Amino acid sequence: MASTEISHNFSPMLIVYKDGRAHRLAGNELIDPSLDPLTGVESKDVVISPETAVSARIYRPKPTAQSYKFPLLVYIHGGGFCIESAFSPTYHRHLNSLVAEANAVAVSVEYRRAPEHPLPIAYEDTWAALKWVAAHSAGTGPEEWLNGIADLDRVYFAGDSAGANIANQMAIRVRTEGVSGLNLRGLILVHPYFWGGKLIGDEEKLNPEDRSFIEKLWYLVCPTISGLDDPIVNPEFEPKLGLVAAERVAVYVAEKDALKDRGWFYSECLKKSGWGGAVDVVETKGQGHVFHLFNPTSNEAVDFVGKLAAFINGGRPE
């Protein structure tokens, strides 16, 4: 009989019982790929690794008579490393809008989630997906959508919250381990999930329960971290930060987000790391964490998607 004794209560995200079961309270709904009637964007699902169940949802923009290839966006969903999915209505809707606005191809990665699969598994799964994407650089990969219309000389990584944390790790890994055939032009970090042992900015003003939630979640999703200044948690202590492979980095933060100061601090750390690219931080006033996902039809969300699309097409963050 399953245990009802609670080991970790991270409501409203999930509850973990002492027998190891994780009961997810959010992000459980899934939706099939489709031809979106509003944007004309078409999607399909692919299995990248049958052994690990790593998979992805691929999006392609509305067909046109033009024959050129489109920039490729590799998107990594958020959810504290433990909830949500590349196949959820929230991310499906977001990627449809972003692909249509940016006129780009997107690969939205489905990685295994903590606590059943603690970090670094999500990093390893995403890296496997990137190598699979790179296998299409000569136009002879396993997925015809990528062979035909994706330009692997114009690749962008993007993620929100925990997905932004993963995207940053992947941008470093492209340089340190190498992945042939993939040219990373830009990195987009939306409300990134970083933290640290020392509070910064307005973090001392946060509700103690909110701070505790942010900090304890790290120990749940990665029990092997050395502490809150572990390099995967706090980029200040990431010795390889200066090796981010992207030429440009856009960090988006939200005024009412508890993680806001970490986004600003990331940009400062990146500048001090010896990295030679251009990093910009854009703060959305009056909004909270991943507001554009919760209220996708709001004027602020529509404007935000437009900003992401402009960056993918070579514009400066604004």
Side-chain angles (χ1 to χ4, degrees), residues 46 48 54 56-61 66-77 86 95 98-99 101-109 111 123-160 163-190 192 235 238 240-252 266-267 270-271 273-280 307-317:
V46 296
I48 293 172
V54 176
R57 179 160 293 177
I58 305 176
Y59 297 81
R60 65 180 180 183
Q66 296 166 311
S67 60
Y68 63 82
K69 291 191 174 185
F70 302 96
L72 176 64
L73 173 68
V74 177
Y75 194 89
I76 308 157
H77 74 81
L95 268 296
L98 183 52
V99 164
E101 186 71 21
N103 207 28
V105 175
V107 175
S108 183
V109 180
Y111 53 85
Y123 297 143
E124 297 304 324
D125 286 353
T126 307
W127 183 243
L130 289 178
K131 290 193 290 185
W132 178 86
V133 167
H136 295 81
S137 61
T140 57
E143 176 48 55
E144 284 306 311
W145 280 18
L146 298 187
N147 288 331
I149 61 173
D151 184 358
L152 269 69
D153 189 51
R154 291 186 293 158
V155 177
Y156 291 80
F157 293 171
D160 64 275
N165 178 290
I166 297 173
N168 175 65
Q169 288 293 322
M170 295 305 102
I172 294 172
R173 203 159 174 174
V174 165
R175 179 68 55 79
T176 58
E177 296 189 26
V179 56
S180 179
L182 185 154
N183 183 15
L184 184 60
R185 295 288 187 91
L187 173 64
I188 301 171
L189 306 183
V190 178
E238 173 53 78
K240 300 176 182 177
L241 187 62
L243 298 177
V244 164
E247 302 167 358
R248 303 183 300 137
V249 175
V251 184
Y252 293 92
Y266 170 88
S267 72
L270 189 58
K271 291 174 183 176
S273 70
W275 176 71
V279 57
D280 293 281
K307 291 177 178 179
L308 300 181
F311 182 80
I312 292 169
N313 283 285
R316 288 290 301 272

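As a basis for the values below, the full set of heavy atoms in this structure was taken, side chains included, without hydrogen atoms, waters or symmetry mates. Worth saying up front: this structure is predicted, and the values here are computed from it rather than measured. Counting from 1, the numbers follow the sequence of the chain as shown.
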Validation row: [X], [Y] side chains within 4.5 angstrom (heavy atoms):
| X | Y | answer |
| --- | --- | --- |
| Asn165 | Tyr123 | yes |
| Pro235 | Leu270 | no |
| Ile58 | Glu143 | yes |

Enter the distance from [X]:[atom1] to [Y]:[atom2] here, rounded to the nearest 0.5 Å.
| X | Y | atom1 | atom2 | answer |
| --- | --- | --- | --- | --- |
| Leu184 | Glu247 | CG | CD | 8.0 Å |
| Ser137 | Leu72 | OG | CG | 11.5 Å |
| Gln169 | Lys240 | CD | NZ | 9.0 Å |
| Ile312 | Asn103 | CD1 | CG | 11.0 Å |
| Met170 | Ile76 | CE | CD1 | 6.5 Å |
| Lys131 | Thr126 | NZ | OG1 | 12.0 Å |

Which atom names give the shortest non-hydrogen contact between [X] and [Y], and what distance separates them?
| X | Y | result |
| --- | --- | --- |
| Ile48 | Ala129 | CD1-CB, 3.8 Å |
| Gly159 | Ala167 | N-CB, 4.3 Å |
| Val99 | Arg60 | CG1-C, 4.0 Å |
| Ala245 | Val174 | CB-CG1, 3.7 Å |
| Asn168 | Val244 | OD1-CG2, 4.0 Å |

Whether the side chain of [X] engages the backbone of [Y] through a donor-acceptor N/O pair (distance < 3.5 Å, no angle test) should be reported.
| X | Y | answer |
| --- | --- | --- |
| Lys69 | Leu146 | no |
| Tyr156 | Asn313 | no |
| Trp275 | Ala246 | yes |

Query raised in the report: With no hydrogens and no angle check, do the side chains of Asp160 and Tyr75 hold a donor and an acceptor under 3.5 Å apart?
Result: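 Checked: Asp160/Tyr75 side chains pair up, N/O donor to acceptor below 3.5 Å.
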
Query raised in the report: Does NZ or CZ of Arg248 fall inside the cone over Phe311's six-membered ring, less than 6.0 Å from its centre and within 45° of the axis?
Result: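 So Arg248 does make the cation-pi contact.
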
